[in-house]
Amino acid sequence: MTDHQLSRRSALVGLGGTAVGAISASLLAGAPAAVAAPTTTPATIAAPPATPQNSGVERRVSALLRRMTLAEKLGQLQLLSTPELAQQSLAGAHPCGGVFSVVGAAKLNVLQRLAVQHTRLGIPLIFGLDVIHGYTTNFPIPLGQASSFDPGVASTDAVVSAAEARRSGITWTYAPMMDVTHEPRWGRIAEGAGEDPYLASQIAVAKVQGYQGNDYSAQDKLAACAKHYVAYGGAEGGRDYNTVDVSIQELHNHYLPPFKASVAAGVATVMASFNAISGVPAHANAYVLREILKGAFGFDGFVVSDYTGIQELILHGVAGDGADAAAAGITAGVDMEMVSTNYVDFGSQLLVQGRITRREIDDAVRRILRVKFALGLFEHPYVDESTEVIAVSDAARASSRAAAGRSMVLMKNDNALLPLALGARIAVIGPLATATYDLNGTWSGLGTGAGTTPPVTVLDGIKAAAADPSAITFAQGCDIESADTSGFAAAAEAAAVADVDVVVLALGESAAMSGEASARSNINLPGVQEGLLAAVVAAGKPVVVVLFNGRPLTLQSTHDTAAAILEAWAPGVEGGNAVADVLFGKVNPGGKLPVSFPRAVGQVPIYYNHLNTGRPADPANKYTSKYLDLPSGPLYSFGFGLSYTTFTLSAPRLSSTSMNRRGGRIDVSVDVQNTGVVAGDEVVQLYLHDPVASIAQPVRRLRGFRRVTLEAGQSTTVTFTIGTDDVGFYDNQAKFVVETGTIEVYVGNSSDADQSATFTVV
Ligand code: NOJ
């Protein structure tokens, strides 16, 4: 667990530590003691109710519900996307419950006045928006934030974004996205925390708490939305919206943990995902929505469909028409329909036909009203237009710059080329060197400041930091995607100029190349950028490649030829300054990769927490699990990242050699020392492996991490507390089992961690 999360441990049921241990203990009492016999507990142990229901709110919800007609109830289930549609709806029989993707305090107040003053019951609207990594101030993309291995970075973004958005009239964000994925081809990998369920859970909880605080009626907080529920990241072939076929154990061990953790942290809403899960589309999937989310997890907020997700049940092939689609969505537990209108169009008819029940409708309305009351909308339906946040403040800029610096990952640094001297003569080259909006990445504001404020370019950031801006030259070389190589010669010339010390080559993807509907089948550097790299390297100067991308790329030639590589992701509004901070050593990079970087796209899916197979890769044995034409393993591993200093980590010390499977705990301590000459950050990582279990277990599973800052020569001890929830797993009956036997503990600074110890679960 991280320091940040330790203070919130009580909320983190299922994330390690005592909370689940205690629950497991009572449920495990009396379980048989046979070695390797699975000790099972029902899936319903998952978590206590998300937020103990506030009796005052419940009374108000019930009173309002009693006054509502069926048409008004169905109206609350409708979410619309334009002011025009909302106006029509508010003037009609089914006044809608919410509007999304409309921005501007004045516009929102106009709509709210219609709802509050001109509908029979005056139920306020909820205003949604995809505030993903900034409202006015753009922060790094979520995948970048996850690279910080610092939940504090994610919560800072959420706190700043929530304040900016709420003061501008938005009350509900469609974030955090917490889709664990093994798919770099999938553009939406940019929006999540990568391939690991534990890291994703920590980041998701930090975001939920940052957006909502303890009380999201506060005028600087938002209702959050855990999305996309569930297994969206498993899209076949990495193609967006695509099918997912997943085993029960994989669903529970891999995809559900961040949702479970977010519900335990009190997330107000959940968004259903576009994909089918083992043949049943998420929007019609009563197992994941009713049984797991609203049942086992105790979620008491509301589930919103994704955009036309209810209507899409027809194309999925599980509904013949809109009425079928509405019936499927309502009975499965999707409470609010986004964009399509099948609930209001067919709700009454379905009720008369007995295909849905009044109880289902009332439950959906109750959930929506509960969140509206919790938001304080009945007391404060309007936003004070004078508080709208239109401009990026200095404080928010500073937070974004710090977040970007903490999110960058140093992947190569031959001969300590970095950091550069402030007086270095630098040729800045590449299609991303003068890019502005591309440094924002996906989801950068629908007309809010996050989308209209140009980020600082790399060239400007370097010039602003350099001792002598006139020592910095520029050549673009090529653009991001075209086949035009006509700029190569000028770029090579700029690099070859006699007094140039070093080249900073800014390469990568445009913002539009990742995010929704942006799958790529080839994840090389796009266009002719590899050619530009070769031309510049041939000029003979050391080359630092700075990468801007929303997914892992295949970087073999970059790795082979560049002297240094800095992964900057899409760093946000202060991108260029944050890059300069790292290049010149004002910030010592300490980020780690939240996702494996494959050597070639043919290795996908490739991820650190895989099963072993019966024939693990062995270069000396042909008949083992590997490719003929590639070394095994990724080019860069999950959890990997360098620093300008060096660290040593001790072997793990365990507080005990055994853990009682009924709620036992063990402390794992690691000494870490900065053995270099400058201060820096290291992320101490703890992985577990259960070598003999009733179902095969991943070779490693991250179960703890902590980012520490140490002065040169300084050392500290990091202690992780692990419990039965860390060693147990879900089986294919969705039962959480804690089995007796040996557990291997690995500590280190990446998923290749090789210092180990063992203990026994008894
Ligand atoms: C579709 C996306 O899948 C979802 O993430 C987003 O929140 C909605 N559109 C609303 O914009």
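Each ligand, and each atom within it, is numbered from 1 in the order the structure gives. Because the structure is predicted, anything quoted here is derived from the model rather than measured.
Nearest protein heavy-atom neighbour of atom 11 (O) of ligand 1: Asp130 OD2, 2.5 Å. Ranking the protein heavy atoms by distance from atom 8 (C) of ligand 1 puts Asp306 OD1, 3.3 Å first.
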For residues 79-99, please give each side-chain donor-acceptor pair under 3.5 Å, one per line with the distance, not counting sequence neighbours.
from: Thr82; atom 1: OG1; to: Leu85; atom 2: N; distance (Å): 3.1
from: Ser89; atom 1: OG; to: His94; atom 2: O; distance (Å): 3.3
from: Ser89; atom 1: OG; to: Cys96; atom 2: N; distance (Å): 2.9

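Of the polar atoms of Tyr174, none of the N or O atoms is found under 3.5 Å from an N or O of ligand 1, judged by distance alone. Of the N or O atoms in Ser101, none lie within a sub-3.5 Å distance of an N or O in ligand 1. Checked against a 3.5 angstrom limit, the closest N/O atoms of Glu191 and ligand 1 fall outside it. For ligand 1, none of its N or O atoms has an N or O atom of Tyr307 under 3.5 Å away.
The salt bridge (charged side-chain N to carboxylate O under 4.0 Å, His left out) check on Glu388 picks up nothing, with sequence neighbours excluded.
At a heavy-atom cutoff of 4.0 Å, ligand 1 is contacted by no atom of Met177, backbone or side chain.
Close placement of the Trp186 and Tyr232 rings is indicated, their centers lying within 6.0 Å of each other. Ring centroid separation for the pair His182 and Tyr607 comes in under the 6.0 Å cut-off.
Electrostatic pairing of Lys207 and Asp157 counts as a salt bridge here, judged by a charged N lying under 4.0 Å from a carboxylate O. Between Arg551 and Glu183 there is no salt bridge, since none of the side-chain N atoms of the basic residue sits less than 4.0 Å from a carboxylate O of the acidic one.
Of all the atoms in ligand 1, the ones that sit under 4.0 Å from a non-hydrogen atom of Met271 are 4 (C), 7 (O). Listed by number with element, the atoms of ligand 1 under 4.0 angstrom from any heavy atom of Phe100 are 10 (C), 11 (O). Residue Lys227 has at least one heavy-atom neighbour below 4.0 Å for each of these atoms of ligand 1: 4 (C), 5 (O), 6 (C), 7 (O).
The structure places CH2 of Trp172 at 10.0 Å from CG of Leu375, a figure rounded to the nearest 0.5 Å.
Glu567 and Asn549 share a side-chain donor-acceptor pair at under 3.5 Å.
At least one heavy atom of His228 sits closer than 4.0 Å to an atom of ligand 1.
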